[in-house]
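Quick note on labels: first sequence line is chain A, next is B, and so on, each numbered from 1. All values derive from a computational prediction rather than experimental measurement.
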There are 2 protein chains.
Amino acid sequence: MSTTHKKRKAGSRRAEIIDKATDLFLENGFSGTSMAELAKACQMQKASLYYHFKTKEELFAACITEGHACSLDTLETISRDEDAPPAERLRAAIANLYQINVDSKVGRMSPLIAEVSRAIPSVAKRFHQDFMVKEQSLLEKIIDDGVAEGAFRRIDPPTLRYMIVGPIITLSLAREMFATFDNLDQECPADHIRQHHIEQILRLLAKDGLSADREA
Amino acid sequence: MSTTHKKRKAGSRRAEIIDKATDLFLENGFSGTSMAELAKACQMQKASLYYHFKTKEELFAACITEGHACSLDTLETISRDEDAPPAERLRAAIANLYQINVDSKVGRMSPLIAEVSRAIPSVAKRFHQDFMVKEQSLLEKIIDDGVAEGAFRRIDPPTLRYMIVGPIITLSLAREMFATFDNLDQECPADHIRQHHIEQILRLLAKDGLSADREA
DNA sequence: GTCTATACAGTGATAGAC
DNA sequence: GTCTATCACTGTATAGAC
């Protein structure tokens with residue numbers, strides 16, 4: 001507290017940089033975000049950033065991997081709770097997928113990854129391994145359990161996965177694309193889709209004859 | 001032919017620039033693509049680009065709007081063919097949506113739009129109006145006709161739209177994100193999803209009792 | 001661990017000859 | 001309509017004081 005010039009909070013200035021950087025990357029893209037801009041947002045000097053991160057690419061990688069790695073906890077809990085009724089588990093899981101992919105920062109990073117994937121392939125690799133694969137396998141376990149219990153109809157796994165995750169990711173992407181629209185919530189009605197999508201998935205998974213429970 | 005220095009093909013050098021620029025933008029993003037790089041790809045001088053386009057942003061806008069505006073022709077034809085059986089029309093429509101969004105350049109631009117949307121909101125607006133809205137309404141007409149004919153069950157339109165377009169857009173996005181992977185076709189099995197997705201949509205739209213036609 | 005100062009390559013864009 | 005030459009500026013990254 002005596003030697004340094006500006007020490008805002010104890011310890012992890014690094015975490016603060018990652019947080020601010022993530023916001024800026026999400027808003028302006030990777031190339032569209034400058035270290036100067038980030039420095040200003042952190043109220044520090046450009047050069048100081050390079051004490052914490054050797055390069056801009058390394059900083060970006062940290063935003064992807066360290067920044068929000070704990071996001072799958074809830075999904076993991078749901079996945080482990082094998083006693084709950086399959087439909088309720090799936091309902092909870094999909095609700096959580098919306099939260100992860102639409103509400104939180106990690107899930108909104110897909111367009112960013114697409115932007116830098118050619119220039120920094122390792123980032124795409126990490127994002128895939130640390131986030132997407134885990135998310136997928138947790139979801140798949142929940143469905144598999146339901147099928148094993150006889151509660152769900154068996155559907156080709158990759159296809160079902162895309163029908164569950166597809167609308168969610170697309171909603172997230174659309175909200176990034178049209179972030180500046182006045183009527184964003186009309187164009188991309190997040191809550192509406194969030195509520196109705198799950199019902200259609202359950203209808204798909206329902207065994208024949210049980211599917212007439214609900215009319216949209 | 002006598003006055004100019006290098007006149008490759010007659011007339012539309014402009015179209016060539018748009019074409020090359022689109023490729024580079026798709027590969028490296030907007031900020032990640034420099035005018036110098038583009039000039040080299042077009043085998044011309046940087047300054048010459050500015051004869052055709054006042055700014056880089058204007059060039060980008062041209063890539064979005066002019067470059068690939070005619071892509072909805074097939075979908076339009078399908079949409080107009082009201083005598084064909086609804087299921088066949090929808091099948092053809094979805095197949096075309098895959099072609100537009102996964103195979104062609106327009107559909108792969110979504111992450112790009114997301115990147116520049118905050119900096120150049122007009123581009124997002126144009127893309128939305130000229131492409132997405134049209135695509136959506138053509139699709140909706142096909143479904144509405146099927147419902148009117150009594151062939152399809154009625155499903156909440158925005159939800160159904162996301163369940164059709166969501167997996168397609170997400171497949172496209174994933175292929176951009178993981179473009180550098182060796183096993184891209186394993187990770188993002190485009191053909192597989194393309195074939196099976198449509199069957200699930202038809203099951204969703206099938207009236208009760210008719211849905212036992214097929215097992216995935 | 002943060003600062004000031006700076007290197008220097010690359011950026012979008014312009015001027016003016018041909 | 002394309003060229004050469006050049007502009008003013010911003011980009012990432014580094015050196016060295018404190």
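- The phosphate of D/dG1 (OP1 or OP2) has no side-chain N or O of B/R13 nearer than 4.0 angstrom.
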Produce the list of close N/O pairs, under 3.5 Å, pairing protein atoms with atoms of nucleotides 9-12 of chain D; give distances to one decimal.
residue	atom	partner	partner atom	Å
D/dT12	OP1	A/T33	O	3.4
D/dT12	OP1	A/K56	NZ	2.8
D/dT12	OP2	A/M35	N	2.9
D/dT12	O4	A/K46	NZ	3.2

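- For B/Q45, there are no side chain to side chain donor-acceptor pair (under 3.5 Å) partners at least two apart in sequence or on another chain.
- Under a 3.5 Å cut-off, the side chain of B/D130 and the backbone N or O of B/T65 do not form any donor-acceptor pair.
- Candidate nucleotides D/dA5, C/dA5, C/dT2 were compared by shortest atom distance to the side chain of A/A47, and C/dA5 ranks first.
- Under 4.0 angstrom from either OP1 or OP2 of C/dC3 there lies at least one side-chain N or O belonging to A/S48.
- Taking the ring axis of A/F30 as reference, the NZ or CZ atom of A/K56 stays within 45° of it and closer than 6.0 Å to the ring centre.
- Whole-Å rounding puts the B/Y51 OH to C/dG16 C1' distance at 16 Å.
- The distance between atom CZ of B/F60 and atom P of C/dG12, rounded to the nearest whole Å, is 14 Å.
- At a threshold of 4.0 Å, the pair A/D145-A/K141 counts as salt-bridged, since one of the basic side-chain nitrogens sits closer than that to a carboxylate oxygen.
- In this structure, B/L49 atom CG and C/dA13 atom P are separated by 11 Å, rounded to whole Å.
- Whole-Å rounding puts the B/M44 CE to D/dT4 C1' distance at 14 Å.
- If you take CG of B/N28 and P of C/dT11, they are 11 Å apart, rounded to a whole angstrom.
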If you apply the rule side-chain hydrogen bond (donor to acceptor under 3.5 Å, both in side chains), what do you find for A/Q200 with A/R203, and how did you get there? CA-CA 5 Å; A/Q200 300 302 326; A/R203 274 194 54 221; 3.3 Å; yes
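- In summary, the aromatic rings of B/F178 and A/H128 are positioned with their centroids under 6.0 Å apart.
- Between B/D103 and B/R194 there is a salt bridge, with a side-chain nitrogen of the basic residue lying less than 4.0 Å from a carboxylate oxygen of the acidic one.
- Look at CZ on B/F53: it is 15 Å from P on C/dT14, rounded to the nearest Å.
- Counting to the nearest Å, the C1' atom of C/dT6 and the CD atom of A/Q45 are 13 Å from each other.
- Residue B/Q43 contributes atom CD, which lies 15 Å from atom C1' of D/dC3 at whole-angstrom precision.
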